[in-house]
Colleague: 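First, the structure itself, so that you have it in front of you.
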Amino acid sequence: MREFFTSKDQPYRPAVVGTRHCVSAGHYLAAQAGMQVLEAGGNAVDAAVAGGLALNVVESTMTGIAGVAPIMVYLAETREVVTISGLGWWPKAASCEFFNTHHGGTIPLGVLQSVVPSALDAWVTALERFGTMSFGEVSAEATRLAREGFVMYPLMAERIEHFAKNTRKWASNAEIYLPGGDAPRAGDLFVQSDLGRTLQFLADEEGAHAGDGRAAGLGAVRDAFYRGDIATSIIRHQSENGGLLTAEDMAEFRVEVEPSLQTRFHDTVVHECGPWCQGPMLLQALNLVEGIDLRGLGHNSAAYIHTLIEAIKLAAADRDA
């Protein structure tokens, strides 16, 4: 009989180690979606889009295909870092004057907070510029997770419960996130049928143009969302609920691909997205503390933490201004 020994610090279960590729994501199902694409022969960007779309399903209280998707891509051949500005524009009808006149200088909860949906165009642009696979291929797992559901987990369940009062103000939201009138519990199967149909519709539109080539298919996905039936549904909802988004806002929108912003922190080059997001805040905070002997303060000491907090507060103040 063989005997097996383990130290108190070494569990029997092995650490996850790979030899070909890896995926990291905020939810294990998103990481799995990315891994499936890599195993199927896709490249890193294909996998990232698959993972991002899966997050749009399994973290849909925090992110969505009608939301935002800032993207950074490292191009190994040229050693460049490029960004995709996955953040929507304000509607042309939005202005400081409008909100000052009608809402006391605030932006009220609801559709008036809407910017043009940007995530979908960011995903499509990433595939066009740097990917190899079709939208249908990379969205397949996200579509399945929306249609068939996934097991609700504590964090998402807590968020839905926390915002339940506001969710009930919009019947269409309550129908999804408060099925039967109550927030789902951890362990429940959570299904988003409409989202699944939307993703499948986009893939079908691409498939209808498959004979015209990959680029045409991806263009069909974009057109379906920003100019076609989905855009029509978005604008109708905006119009019926006092929103400002128009068909023109949707049709004219395109994300931009541009170099990253960067700074050097000691021996490390740090990259971020541009001022269309809060990425520069991190770079500024690092610049503020570069001349300070953080190591000498002691990791996680009161002085160390206080110094970092004050640098972040200063950078955040500039961001807000």
Colleague: Can you name the nearest heavy-atom pair linking Gly136 to Glu206, along with the distance?
Modeller: N-OE1, 2.7 Å
Colleague: In the structure I gave you, are the side-chain heavy atoms of Phe130 and Val82 within less than 4.5 Å of one another anywhere?
Modeller: yes
Colleague: Suppose we screen for salt bridge (charged side-chain N to carboxylate O under 4.0 Å, His left out). Which residues come up paired with Arg227, at least two apart in sequence or across chains?
Modeller: Asp223
Colleague: Which heavy atom of Gln238 sits nearest to which heavy atom of Ser114, and what is that distance?
Modeller: NE2-OG, 3.0 Å
Colleague: Grouping I, L, V, M, F, W and Y whenever their side-chain heavy atoms are under 4.5 Å apart, do Met250 and Phe201 come out in a common cluster?
Modeller: yes
Colleague: Looking only at the side chains, is there a donor atom on one of Ser134 and Glu137 sitting less than 3.5 Å from an acceptor on the other?
Modeller: yes
Colleague: If we only count heavy atoms from C-beta on, is the Tyr177 to Phe163 side-chain gap below 4.5 Å?
Modeller: no
Colleague: Show the nearest heavy-atom pair for residues Met133 and Gly42, with the distance to one decimal.
Modeller: SD-CA, 3.4 Å
Colleague: Is the closest side-chain donor-acceptor distance between Glu128 and Trp123 under 3.5 Å?
Modeller: no
Colleague: Would you sort out whether Thr125 and Arg222 count as a side chain to side chain contact (heavy atoms under 4.5 Å, CB included), showing the intermediate values?
Modeller: CA-CA 9 Å; Thr125 298; Arg222 180 184 286 110; 3.3 Å; yes
Colleague: Enumerate the residue pairs fulfilling salt bridge (charged side-chain N to carboxylate O under 4.0 Å, His left out) with a member in residues 178-201, sequence neighbours excluded, ordered by first and then second residue.
Modeller: Asp194-Arg197
Colleague: Working to the nearest 0.5 angstrom, can you tell me the gap between Glu248 CD and Ile235 CD1?
Modeller: 10.5 Å
Colleague: Is there a side-chain contact between Cys277 and Val68 (heavy atoms, below 4.5 Å)?
Modeller: no
Colleague: For the atom pair CZ (Arg236) and CG (Leu245), what is the distance rounded to the nearest 0.5 Å?
Modeller: 14.5 Å
Colleague: Check whether Trp89 and Tyr226 end up in the same hydrophobic cluster, where Ile, Leu, Val, Met, Phe, Trp and Tyr are linked by side-chain heavy atoms less than 4.5 Å apart.
Modeller: yes
Colleague: Looking at His162, I want to see if its NE2 is surrounded by more than 12 non-hydrogen atoms of other residues, nucleotides or ligands under 6.0 Å.
Modeller: no
Colleague: So, Ser118 versus Asp121: side-chain donor-acceptor pair below 3.5 Å or not?
Modeller: no
Colleague: Do Thr132 and Asp46 have side-chain atoms, one donor and one acceptor, less than 3.5 Å apart?
Modeller: yes
Colleague: Partners of Lys165 by side chain to side chain contact (heavy atoms under 4.5 Å, CB included), sequence neighbours excluded?
Modeller: none
Colleague: Return yes if a side-chain donor-acceptor contact under 3.5 Å exists between Asn287 and Thr263, otherwise no.
Modeller: yes
Colleague: Rounded to the nearest 0.5 Å, what separation is found between the OG1 atom of Thr198 and the CG atom of Asp229?
Modeller: 10.5 Å
Colleague: Can you check side chain to side chain contact (heavy atoms under 4.5 Å, CB included) on Phe98 and His103, steps first, answer last?
Modeller: CA-CA 8 Å; Phe98 173 85; His103 300 284; 4.1 Å; yes
Colleague: Return the OG1 to NE2 distance between Thr63 and His27, rounded to the nearest 0.5 Å.
Modeller: 13.0 Å
Colleague: Who passes salt bridge (charged side-chain N to carboxylate O under 4.0 Å, His left out) against Glu148, sequence neighbours left out?
Modeller: Arg144
Colleague: Could you list the residues that satisfy salt bridge (charged side-chain N to carboxylate O under 4.0 Å, His left out) with Glu252, not counting sequence neighbours?
Modeller: Lys92
Colleague: Look at atom CD of Gln113 and say whether more than 12 heavy atoms of other residues, nucleotides or ligands are closer to it than 6.0 Å.
Modeller: yes
Colleague: Would you kindly say whether Ser260 and Glu272 are connected by a side-chain donor-acceptor distance under 3.5 Å?
Modeller: no
Colleague: Do Ile176 and Val57 share a hydrophobic cluster (ILVMFWY, side-chain heavy atoms under 4.5 Å, transitive)?
Modeller: yes
Colleague: List for me each residue that meets side chain to side chain donor-acceptor pair (under 3.5 Å) alongside Arg254, sequence neighbours excluded, and say none if there are none.
Modeller: none
Colleague: List the atom of Glu310, the atom of Lys313, and the distance in Å for their closest heavy-atom pair.
Modeller: OE2-NZ, 3.1 Å
Colleague: Does Gln262, at its CD atom, have more than 12 non-hydrogen atoms belonging to other residues, nucleotides or ligands within less than 6.0 Å?
Modeller: yes
Colleague: Give me each pair satisfying salt bridge (charged side-chain N to carboxylate O under 4.0 Å, His left out) with a member in residues 284-309, each pair once, sequence neighbours excluded.
Modeller: none
Colleague: Check whether any side-chain heavy atom of Tyr28 sits under 4.5 Å from a side-chain heavy atom of Val58, and report yes or no.
Modeller: no
Colleague: Is it the case that the side chain of Arg264 and the backbone of Val270 share a donor-acceptor pair, with hydrogens and angles ignored and the cut-off at 3.5 Å?
Modeller: no
Colleague: Can you list the residues that meet the side chain to side chain contact (heavy atoms under 4.5 Å, CB included) rule with Thr78, with sequence neighbours excluded?
Modeller: Leu75, Glu80
Colleague: Output all residues satisfying side chain to side chain donor-acceptor pair (under 3.5 Å) with Ser193, sequence neighbours left out; order by chain, then residue number.
Modeller: none
Colleague: Quick check: do Leu120 and Ile230 have side-chain heavy atoms less than 4.5 Å from each other?
Modeller: no
Colleague: Near Glu256 CD, under 6.0 Å, is it more than 12 heavy atoms from other residues, nucleotides or ligands?
Modeller: no
Colleague: Of all residues at least two apart in sequence or in a different chain, which pass the side chain to side chain contact (heavy atoms under 4.5 Å, CB included) check with Asp318?
Modeller: Gln284
Colleague: Tell me whether the count of non-hydrogen atoms from other residues, nucleotides or ligands lying under 6.0 Å of NE2 in His102 goes above 12.
Modeller: yes
Colleague: Can you confirm whether Phe150 sits close enough to Leu189 that some side-chain heavy atom of one is under 4.5 Å from a side-chain heavy atom of the other?
Modeller: no
Colleague: If you measure from CD on Glu158 to OG1 on Thr61, what distance do you get to the nearest 0.5 Å?
Modeller: 11.0 Å
Colleague: Check step by step if side chain to side chain contact (heavy atoms under 4.5 Å, CB included) holds for Leu53 and Ile65.
Modeller: CA-CA 7 Å; Leu53 287 167; Ile65 62 166; 3.8 Å; yes
Colleague: Can you name the nearest heavy-atom pair linking Leu218 to Val124, along with the distance?
Modeller: O-CG1, 3.7 Å
Colleague: Classify the side-chain pair Trp90/Asp249 by whether it contains a donor and acceptor separated by less than 3.5 Å.
Modeller: no
Colleague: Looking at every heavy atom in both Ala183 and Ile160, which two are closest together, and how far apart are they?
Modeller: CB-CG2, 3.8 Å
Colleague: Please round to the nearest 0.5 Å and tell me the distance separating atom CG of Leu199 and atom CG of Asn56.
Modeller: 8.0 Å
Colleague: In this structure, would Leu261 and Val289 fall into the same cluster of hydrophobic residues linked by side-chain contacts under 4.5 Å?
Modeller: yes
Colleague: Can you list the residues that meet the side chain to side chain donor-acceptor pair (under 3.5 Å) rule with Tyr153, with sequence neighbours excluded?
Modeller: none
Colleague: Give a yes-or-no answer on whether the side chains of Ser60 and Gln192 include a donor-acceptor pair shorter than 3.5 Å.
Modeller: yes
Colleague: Kindly indicate whether the side chain of Cys273, heavy atoms from C-beta on, has any atom under 4.5 Å from the side chain of Met72.
Modeller: yes
Colleague: Side chains of Leu294 and Tyr304: closer than 4.5 Å at any heavy-atom pair?
Modeller: yes
Colleague: Treating Ile, Leu, Val, Met, Phe, Trp and Tyr as nodes and any side-chain heavy-atom pair under 4.5 angstrom as an edge, say whether Ile312 and Ile305 lie in one connected cluster.
Modeller: no
Colleague: Taking only residues two or more places apart in sequence, or in another chain, which ones meet Gln36 in a side chain to side chain contact (heavy atoms under 4.5 Å, CB included)?
Modeller: Gln32, Glu141
